[in-house]
Number of protein chains: 2
Amino acid sequence: MEQVLFDYLAQYIALNADEKQAIIDLNIFKQYKKGDILLSEGDHSDEGYFVIKGCIRSYFIIDGEEKTTAFYTEAESLEPHCKITKKPSAYFVSCVEDAILIVANSGMEETIFAQFPKFESLCRILSEELLVKNQTDFDSFKTSSPELRYMHLMENRPDLLQRVPQYQIASYLGITAQSLSRIRSRILENKA
Amino acid sequence: MEQVLFDYLAQYIALNADEKQAIIDLNIFKQYKKGDILLSEGDHSDEGYFVIKGCIRSYFIIDGEEKTTAFYTEAESLEPHCKITKKPSAYFVSCVEDAILIVANSGMEETIFAQFPKFESLCRILSEELLVKNQTDFDSFKTSSPELRYMHLMENRPDLLQRVPQYQIASYLGITAQSLSRIRSRILENKA
DNA sequence: AGATTTCGTTCACTTAAGATAAGAAAAGCA
DNA sequence: TGCTTTTCTTATCTTAAGTGAACGAAATCT
């Protein structure tokens with residue numbers, strides 16, 4: 001199970017046995033069931049999540065409506081805002097599927113940083129990469145119509161369309177479920 | 001002039017005289033004129049920008065149309081994707097106003113990191129904060145209508161509406177200039 | 001299996017954004 | 001100052017998204 005994490009980290013830095021053991025010793029692997037809520041609006045949580053297996057999502061509830069803002073699948077990580085800002089969470093995080101996650105809090109990170117400084121370097125690099133990814137996604141969202149956004153998603157994360165209910169995809173695309181349904185039939189028509 | 005930078009950094013870490021001098025010795029302050037282009041699509045650039053004074057923006061050109069994706073004003077910093085990914089830039093960066101910027105490349109960062117490790121720690125923290133900010137903006141964009149996005153901007157960055165041409169604001173909001181003009185008149189009507 | 005809840009599609013209607021064009025206002029320049 | 005370019009607004013028309021409601025299909029539960 002650790003292998004997913006170590007394979008991921010190997011893309012960025014080489015870890016020796018001690019360093020790997022230090023991570024394992026933190027005892028951070030947890031299992032969850034579909035529907036489990038990891039974080040709720042208002043929570044003061046200090047935990048970040050790295051997905052080993054499964055799918056989690058973040059969403060707001062605005063006027064009683066769920067607004068999904070992100071999905072995280074294998075080898076992706078979610079650092080909730082509240083972990084960084086130390087303020088109550090503005091959104092929810094729950095499991096779209098049964099999941100195995102790494103759950104780590106800031107205290108654990110400090111421990112690791114102090115023991116192995118190269119982890120802080122790693123975190124800077126990961127953080128910069130995440131930032132680039134997030135900005136790229138935002139740019140693409142801003143410069144595309146809902147239909148293009150959907151087609152973009154079909155190309156880039158086709159698995160999501162299988163794993164996640166359509167109404168969650170819809171709000172992720174910034175539209176209603178009805179509108180997404182129309183877009184889908186429009187695309188099918190044009191293919192025929 | 002350095003003071004803007006040091007005031008900014010003081011929010012995060014304490015710098016001693018040596019450290020400040022190391023930064024100054026990099027000789028990184030540059031002046032630009034309104035309209036100057038700092039980065040073009042296709043460029044392989046290694047430079048990041050920190051705004052001391054003025055305003056810069058990033059934009060794509062898609063089908064001959066400018067699509068503005070971000071504005072950066074005093075004490076904000078822009079790390080172009082190409083700096084991090086080492087690939088050719090997908091977008092442009094230019095000056096909305098005359099500007100004084102800090103321009104630093106990766107080599108300078110390495111130098112500083114090696115000399116003063118706490119700068120790397122600083123960069124991780126800044127990077128995480130930028131990520132939170134960017135995600136918050138993205139979430140807000142996704143969950144708002146164009147009209148709400150504009151009102152949000154009026155509240156949060158009213159200065160931009162004065163400093164930046166409307167057609168650039170419009171594409172920043174993901175809409176056309178005509179549509180923004182209608183939104184503005186709609187808002188004025190409802191106030192009256 | 002049967003009942004129930006969740007999810008996806010369709011329809012009719014309303015509202016707002018995109019496209020195209022034209023003109024007014026403002027800013028920049030000679 | 002007067003001229004030119006840039007920026008903003010207005011109008012018409014088209015297209016697509018939002019809303020509310022209804023229905024059927026699929027998944028879930030026991």
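Computed from a prediction, not measured in an experiment: that's the story for all the values here. Chain naming here is simple, since letters A, B, ... match the order of the sequence lines and numbering starts at 1 in each. Note that these values count all heavy atoms, side chains included, but never hydrogens, waters or copies made by symmetry.
Ring planes of A:F71 and A:Y172: perpendicular class, angle over 60° (limits at 30 and 60°). Ring geometry for B:F141 against A:F138 counts as perpendicular: the plane angle is over 60°, on a 0 to 90° scale with 30° as the lower cut.
For the pair A:S145 and A:Q178, nearest-nucleotide mapping onto DNA chain D gives the more 5' position to A:S145. Comparing A:S179 and B:T176, the nucleotide of DNA chain C nearest to each residue sits closer to the 5' end for A:S179.
The base of D:dG18 lies close enough to the side chain of A:R182 for a donor and an acceptor atom to sit less than 3.5 Å apart.
An OP1 or OP2 oxygen of C:dT9 is reached within less than 4.0 angstrom by no side-chain nitrogen or oxygen of A:R186.
Under 4.0 Å is where a charged nitrogen must lie from a carboxylate oxygen, and between A:K83 and B:E128 no such pair does.
Rounded to a whole Å, the OH atom of B:Y167 is 16 Å from the P atom of D:dT5. The interatomic distance linking A:Y150 (OH) with D:dA16 (C1') rounds to 17 Å, in whole Å. What separates NZ of B:K142 from P of D:dA17 is a distance of 17 Å, to the nearest Å. In this structure, B:R163 atom CZ and C:dA27 atom C1' are separated by 18 Å, rounded to whole Å. We find that CG of A:L173 is positioned 17 Å from P of D:dA16, with the value rounded to whole Å. Protein atom CD of B:Q168 is 11 Å distant from nucleotide atom C1' of D:dT6, rounded to whole Å. In this structure, A:L188 atom CG and C:dG8 atom C1' are separated by 13 Å, rounded to whole Å.
A:T136 contributes a side-chain N or O that, together with a main-chain N or O of A:V132, makes up a donor-acceptor pair within less than 3.5 Å.
Residue contacts for B:S181: at a heavy-atom cut-off of 4.0 Å it reaches a base atom on one of the strands shown. Backbone-only engagement by B:R184 is indicated by non-hydrogen atom pairs under 4.0 Å involving sugar-phosphate atoms exclusively. Within the 4.0 angstrom heavy-atom criterion, only backbone atoms of the sugar-phosphate kind lie near B:G174; the bases stay farther away.
When distances are taken from the side chain of B:I175 to each of D:dT7, C:dG18, C:dT9, the shortest belongs to C:dG18. For B:Q166, taking side-chain heavy atoms from C-beta onward, the closest of the listed nucleotides C:dT10, D:dC8, C:dA17 is D:dC8.
Open room surrounds NZ on B:K34; 12 or fewer heavy atoms of other groups in view lie less than 6.0 Å from it.
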